[in-house]
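Notes to accompany the following structure.
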Amino acid sequence: QVQLMESGGGSVQAGGSLRLSCQASGNTGTVGYAAWFRQTPGSQREGLASLNTRTNTTVYADHVKGRFTISRNVAKATYTLQMNSLKPEDTAVYYCATNPLVRMVDGFLVPTLYDYWGQGTQVTVSS
């Protein structure tokens, strides 16, 4: 099993930046893909970015391309989401998630394909 814990959320004005971190523990060597999602009340969980830990290949949702960057620190077992040019509509609870898959051909940002989840961290962007 893999345990995940997000940090780095907070409040920021529109146009600002935040850096979210996801600390992984447990059987971290089994992580195949790591991803970031977000959710607002009454809405479905939305995929933002995914990282193949074996190839470092990344996939982004269209509406965050060029603004958000997913990365990892292997030594620290952390996954980071750098968010720039934030907008009020980015306000949500942000989650990191992982799965042990060796290869995915699609569904990189589909929540049901991820097995382990953190508890989430709140991001609030004011106008």
Side-chain angles (χ1 to χ4, degrees):
Q1 284 195 347
V2 177
Q3 294 80 43
L4 303 169
M5 180 172 291
E6 302 93 340
S7 62
S11 297
V12 65
Q13 289 193 325
S17 299
L18 279 175
R19 187 177 181 88
L20 304 183
S21 184
C22 175
Q23 179 68 61
S25 60
N27 205 356
T28 59
T30 65
V31 173
Y33 288 79
W36 284 91
F37 296 81
R38 69 186 181 191
Q39 191 170 23
T40 55
S43 298
Q44 292 187 344
R45 200 159 289 189
E46 172 190 27
L48 303 172
S50 174
L51 172 73
N52 181 324
T53 65
R54 292 171 174 82
T55 66
N56 282 325
T57 303
T58 56
V59 173
Y60 293 93
D62 287 343
H63 59 285
V64 303
K65 279 182 183 177
R67 297 194 299 129
F68 292 9
T69 304
I70 186 172
S71 61
R72 68 170 178 152
N73 183 313
V74 176
K76 295 182 179 180
T78 57
Y79 303 97
T80 299
L81 186 69
Q82 177 67 42
M83 306 187 295
N84 299 326
S85 302
L86 284 164
K87 307 174 183 179
E89 51 264 44
D90 293 319
T91 295
V93 177
Y94 284 68
Y95 300 88
C96 66
T98 66
N99 69 37
L101 299 176
V102 173
R103 181 171 174 264
M104 297 174 69
V105 294
D106 57 19
F108 301 97
L109 301 178
V110 175
T112 54
L113 295 183
Y114 290 82
D115 303 296
Y116 302 107
W117 292 82
Q119 83 291 346
T121 185
Q122 176 71 45
V123 171
T124 302
V125 184
S126 58
S127 57

query: Just checking, is any N or O donor in the side chain of Y94 or R38 under 3.5 Å from an acceptor N or O on the other one?
result: yes
message: With clusters defined by side-chain heavy atoms of hydrophobic residues (ILVMFWY) lying less than 4.5 Å apart, directly or transitively, does V64 cluster with V12?
response: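 Per the 4.5 Å side-chain linkage, V12 and V64 are co-clustered.
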query: Same hydrophobic cluster for Y95 and L101, using side-chain heavy-atom links shorter than 4.5 Å among ILVMFWY?
result: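 Yes, Y95 connects to L101 through the hydrophobic network.
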Return the [atom1] to [atom2] distance between [X] and [Y], rounded to the nearest 0.5 Å.
X	Y	atom1	atom2	value
C96	L51	SG	CG	12.0 Å
T58	F68	OG1	CZ	14.0 Å
W36	T80	CH2	OG1	7.5 Å
Q23	M5	CD	CE	9.0 Å
R19	N84	CZ	CG	9.5 Å
M83	T69	CE	OG1	11.0 Å

Of all heavy-atom pairs between [X] and [Y], which one has the smallest distance, and what is that distance?
X	Y	answer
V2	A24	CG1-CB, 4.4 Å
V105	R103	CG1-NH1, 3.5 Å
T40	T91	CG2-O, 3.2 Å
L18	G10	CD1-O, 3.9 Å
R54	V102	NH1-CA, 4.1 Å

- request: Could you give me the CA-CA distance, side-chain angles and deciding distance for W117 and F37, then say whether ring-ring contact (aromatic ring centres under 6.0 Å, His included) is met?
  value: CA-CA 10 Å; W117 292 82; F37 296 81; 4.8 Å; yes
message: Just to verify, which of N99, T53, N52 counts as forming a side chain to side chain donor-acceptor pair (under 3.5 Å) with Y33?
response: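 Among N99, T53, N52, the one that satisfies the side chain to side chain donor-acceptor pair (under 3.5 Å) with Y33 is N52.
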Which donor-acceptor pairs under 3.5 Å do side chains of residues 120-127 form with protein atoms, sequence neighbours excluded?
unit_1	atom_1	unit_2	atom_2	d
T121	OG1	G9	N	3.2
Q122	NE2	A92	O	3.4
Q122	NE2	T124	OG1	3.4

Donor-acceptor contacts, no H, no angles, side chain residues 106-114, under 3.5 Å, sequence neighbours left out:
unit_1	atom_1	unit_2	atom_2	d
Y114	OH	S50	OG	3.0
Y114	OH	F108	O	2.5

- request: Considering only NZ, NE, NH1 and NH2 on the basic side and carboxylate oxygens on the acidic side, decide whether K87 and D90 come within less than 4.0 Å.
  value: no
- prompt: Could you walk me through whether L20 and E6 pass the side chain to side chain contact (heavy atoms under 4.5 Å, CB included) check?
  reply: CA-CA 7 Å; L20 304 183; E6 302 93 340; over 6 Å; no
message: Determine whether H63 and L48 satisfy the following criterion, side chain to side chain contact (heavy atoms under 4.5 Å, CB included), listing intermediate values before the conclusion.
response: CA-CA 8 Å; H63 59 285; L48 303 172; 4.1 Å; yes
task: Check whether any side-chain heavy atom of N56 sits under 4.5 Å from a side-chain heavy atom of R72, and report yes or no.
output: yes
query: How about Q1: does its CD atom have over 12 heavy atoms from other parts shown lying under 6.0 Å from it?
result: no
query: Could you walk me through whether R67 and Y60 pass the side chain to side chain contact (heavy atoms under 4.5 Å, CB included) check?
result: CA-CA 10 Å; R67 297 194 299 129; Y60 293 93; over 6 Å; no
